[in-house]
Number of protein chains: 2
Amino acid sequence: MTVSKDVSGGVALWRRIADAIRLDIVGGKLASGDRLPTEALLAERFSANRHTVRRALAVLAEEGVVGAEQGRGTFVRSARRLSYPIGRRTRFREGLRGQAASLVSQSLSHRIENATAAVAAALGLKPGAKVVRTEGLSIADGRPISRSTTWLPYRLFPDFAERIAQLQSTTAVFASYGIDDYARASTRISARHADVEETKLLGLAPGAILLVSEAVDVDSAAIPISYALSRFPAERMELVV
Amino acid sequence: MTVSKDVSGGVALWRRIADAIRLDIVGGKLASGDRLPTEALLAERFSANRHTVRRALAVLAEEGVVGAEQGRGTFVRSARRLSYPIGRRTRFREGLRGQAASLVSQSLSHRIENATAAVAAALGLKPGAKVVRTEGLSIADGRPISRSTTWLPYRLFPDFAERIAQLQSTTAVFASYGIDDYARASTRISARHADVEETKLLGLAPGAILLVSEAVDVDSAAIPISYALSRFPAERMELVV
DNA sequence: ATGGATTTGTCCGTATGTATA
DNA sequence: CTATACATACGGACAAATCCA
């Protein structure tokens with residue numbers, strides 16, 4: 001929980017303070033129900049004015065991470081990050097089972113398109129080959145935790161989009177096509193700021209950080225069956241290999 | 001390369017524009033030597049004033065990512081991201097071999113300390129047990145790519161710090177202790193903003209994004225031998241599982 | 001039940017940074 | 001280069017709610 005004000009670098013002090021406090025909460029240093037230090041103490045710790053600290057706390061309150069109570073103090077409301085295990089047999093819903101009471105996957109939209117060079121390379125297709133593209137959003141206990149775009153070979157899964165909207169689970173849809181098992185071939189992980197659409201859909205404060213995963217799944221014969229670009233809010237999820 | 005200005009959210013427009021352009025460069029959309037669109041075109045694309053775009057370009061030039069040439073245009077200078085492969089047999093130097101001409105690992109400092117609860121849990125020790133802690137920095141082709149903190153059981157590696165300063169390679173130091181093979185037991189990946197010390201050591205612009213990896217390595221008998229907390233600038237590195 | 005200390009909430013004003021024109 | 005509008009950050013003062021001796 002340390003921040004210096006001397007260099008702004010285009011990121012406002014109140015935002016850096018909010019990020020630092022949020023990190024202590026989602027990282028587990030501050031547990032749910034804990035009382036935060038007083039505004040005066042935080043101001044001293046961050047070498048900032050109390051008003052600046054108050055703005056940071058207001059942002060965190062807006063996110064539902066903390067809640068202030070007049071005369072009593074400011075308290076931690078939300079829980080720590082969810083962990084998404086990534087390995088050879090990676091299953092989104094299985095991996096998060098037990099970490100959240102509810103896990104809802106929405107299918108936002110879908111279309112048939114021609115594979116770009118990147119998508120074709122990932123799926124082992126010729127550039128321009130027909131692919132199904134679906135946009136999805138996953139929500140755990142009411143908090144959005146993943147925004148994903150998935151491409152699949154049209155030849156293998158012509159009506160994937162219709163089925164995923166019904167079944168929610170990718171694993172279940174693959175099973176409906178007769179694919180009883182599949183494996184993760186590769187996962188590429190990077191990080192960046194959320195754009196405006198992601199900020200809105202994931203319910204994030206502008207400027208939030210996303211973990212970005214590019215994953216290719218293959219069937220038991222090592223044929224690529226899906227290429228997924230998933231974006232996880234770093235403040236709500238961590239990836240465990 | 002899209003940014004909207006309607007909501008600032010504590011991150012200045014010039015910084016968001018700089019981040020967006022840098023993302024296109026390190027993500028491979030713009031290759032080394034490519035010419036960027038003119039300042040006027042960029043200003044139009046980002047719905048910003050040309051002065052604001054110029055400030056973003058000035059920051060990128062300072063980082064060495066682009067270079068402006070009077071009357072000719074602005075050109076991409078730096079290369080794309082390095083990929084660090086993570087798996088059961090993860091070796092930092094081997095993984096990056098071929099991606100950079102030079103890879104230097106510095107040992108910044110070291111000390112003997114008592115394990116915190118988190119460190120003890122990771123290494124399977126009793127809280128308070130003696131551990132060796134070393135701080136390191138790795139630089140590829142002159143650009144810092146990793147800032148790491150490593151804890152090891154003092155009982156097994158009493159003078160690890162002295163040896164790593166000599167040998168640079170962790171694998172080589174383990175070999176010097178008679179450990180001919182070791183494996184990655186777990187890797188936990190998250191992301192956050194760089195703090196002031198990291199910003200300085202890694203030569204980043206304030207507010208830069210870090211990929212954070214917490215890794216535990218075990219020997220052939222599955223005994224934990226090291227717990228490493230590594231921070232990679234997201235603009236220079238990606239992790240591949 | 002009361003007074004005083006603590007803590008958050010609201011108001012005023014001032015200086016500097018950001019972005020546009 | 002100037003001028004303008006708005007966001008950021010600081011400083012002080014005081015009100016309102018809570019807690020405890």
Side-chain angles (χ1 to χ4, degrees), chain A residues 1-22 24-25 30 32-78 193 195-196 199 204-208, chain B residues 1-22 37-63 70 74 193 195-196 199 205-208:
Chain A
M1 222 195 305
T2 330
V3 150
S4 93
K5 71 168 179 180
D6 46 10
V7 191
S8 81
V11 183
L13 180 56
W14 61 262
R15 161 162 269 287
R16 284 177 290 151
I17 293 175
D19 287 346
I21 296 176
R22 191 193 301 105
D24 282 348
I25 294 173
L30 288 166
S32 197
D34 281 4
R35 209 189 83 160
L36 294 180
T38 65
E39 294 172 352
L41 269 173
L42 288 171
E44 191 186 5
R45 183 173 310 176
F46 291 117
S47 307
N49 191 277
R50 187 168 79 96
H51 296 297
T52 310
V53 169
R54 282 181 59 75
R55 172 138 194 204
L57 292 174
V59 170
L60 295 175
E62 184 79 20
E63 294 174 18
V65 176
V66 304
E69 298 176 29
Q70 182 157 164
R72 302 215 322 126
T74 307
F75 299 82
V76 176
R77 289 241 183 288
S78 91
H193 282 123
D195 69 22
V196 188
T199 298
L204 298 169
Chain B
M1 207 176 344
T2 330
V3 150
S4 94
K5 71 169 180 179
D6 45 11
V7 188
S8 80
V11 183
L13 181 55
W14 62 262
R15 162 162 265 287
R16 282 178 291 150
I17 293 175
D19 287 347
I21 296 176
R22 192 193 300 104
T38 65
E39 292 174 355
L41 269 173
L42 289 171
E44 189 186 8
R45 182 171 310 175
F46 291 116
S47 309
N49 193 278
R50 194 169 78 94
H51 294 120
T52 310
V53 170
R54 282 182 60 77
R55 173 144 192 199
L57 291 175
V59 169
L60 294 175
E62 184 77 21
E63 294 175 18
Q70 187 80 253
T74 306
H193 283 124
D195 69 21
V196 187
T199 297

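So that the names make sense, note that chain A is the first sequence line, chain B the second, and so on, each numbered from 1. Computed from a prediction, not measured in an experiment: that's the story for all the values here.
Distance, L36(A) CG to dT7(C) C1': 13 Å, rounded to whole Å. Remark: P of dC19(D) and CZ of R35(A) are 10 Å apart, rounded to the nearest angstrom. The CG-C1' distance, from L57(A) to dT7(C), rounds to 12 Å in whole Å. Atom-to-atom, CD of E44(A) to C1' of dC10(D) comes out at 16 Å; the value is rounded to the nearest Å. Rounding to whole angstrom units, CZ of residue R54(B) and P of dT18(C) are separated by 17 Å. In this structure, E69(A) places its CD atom 15 Å from C1' of dT6(C), rounding to the nearest Å. Rounded to an integer number of Å, the gap from L13(A) CG to dT18(C) P is 13 Å. Here the C1' atom of nucleotide dG11(D) and the CD atom of E39(A) are 15 Å apart, to the nearest Å.
Proximity note for Q70(A) (side chain, C-beta onward) versus dT8(D), dT8(C), dC10(D): the nearest is dT8(C). In the set dT8(D), dT8(C), dC10(D), the nucleotide with an atom closest to the side chain of A48(A) is dC10(D). When distances are taken from the side chain of W14(A) to each of dT8(D), dT18(D), dT18(C), the shortest belongs to dT8(D). Ranking dG11(D), dT8(C), dT7(C) by closeness to the A68(A) side chain, first place goes to dT8(C).
Side-chain nitrogen and oxygen atoms of T52(A) include at least one within less than 4.0 Å of the OP1 or OP2 phosphate oxygen of dC10(D). Side-chain N/O atoms of N49(A) include one lying less than 4.0 angstrom from OP1 or OP2 on dG11(D). OP1 or OP2 of dC19(D) has at least one side-chain nitrogen or oxygen of R72(A) nearer than 4.0 Å. Between R55(A) and dA9(D) there is no side-chain N or O to OP1 or OP2 distance below 4.0 Å. Remark: T74(A) is not in phosphate contact with dT7(C), judged by side-chain N or O atoms under 4.0 Å from OP1 or OP2.
Counting heavy atoms from C-beta on, the side chains of R22(A) and E63(A) come closer than 4.5 Å. A heavy-atom distance below 4.5 Å is found between the side chains of L57(A) and L36(A).
A distance of 11.5 Å separates CG in L204(A) from NE2 in H193(A), rounded to the nearest 0.5 Å.
The base of dG12(D) sits with one of its N or O atoms less than 3.5 Å from a complementary donor or acceptor on the side chain of H51(A). Between the side chain of R50(A) and the base of dG9(C) there is at least one donor-acceptor pair of N/O atoms closer than 3.5 Å.
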Please assess R77(A) against E69(A) for the test salt bridge (charged side-chain N to carboxylate O under 4.0 Å, His left out), listing each intermediate value before the final yes or no.
CA-CA 12 Å; R77(A) 289 241 183 288; E69(A) 298 176 29; 3.8 Å; yes

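Each of R45(B), R54(B), R55(B) was compared with E39(B) under the salt bridge (Lys or Arg N to Asp or Glu O under 4.0 Å) criterion, and only R54(B) meets it.
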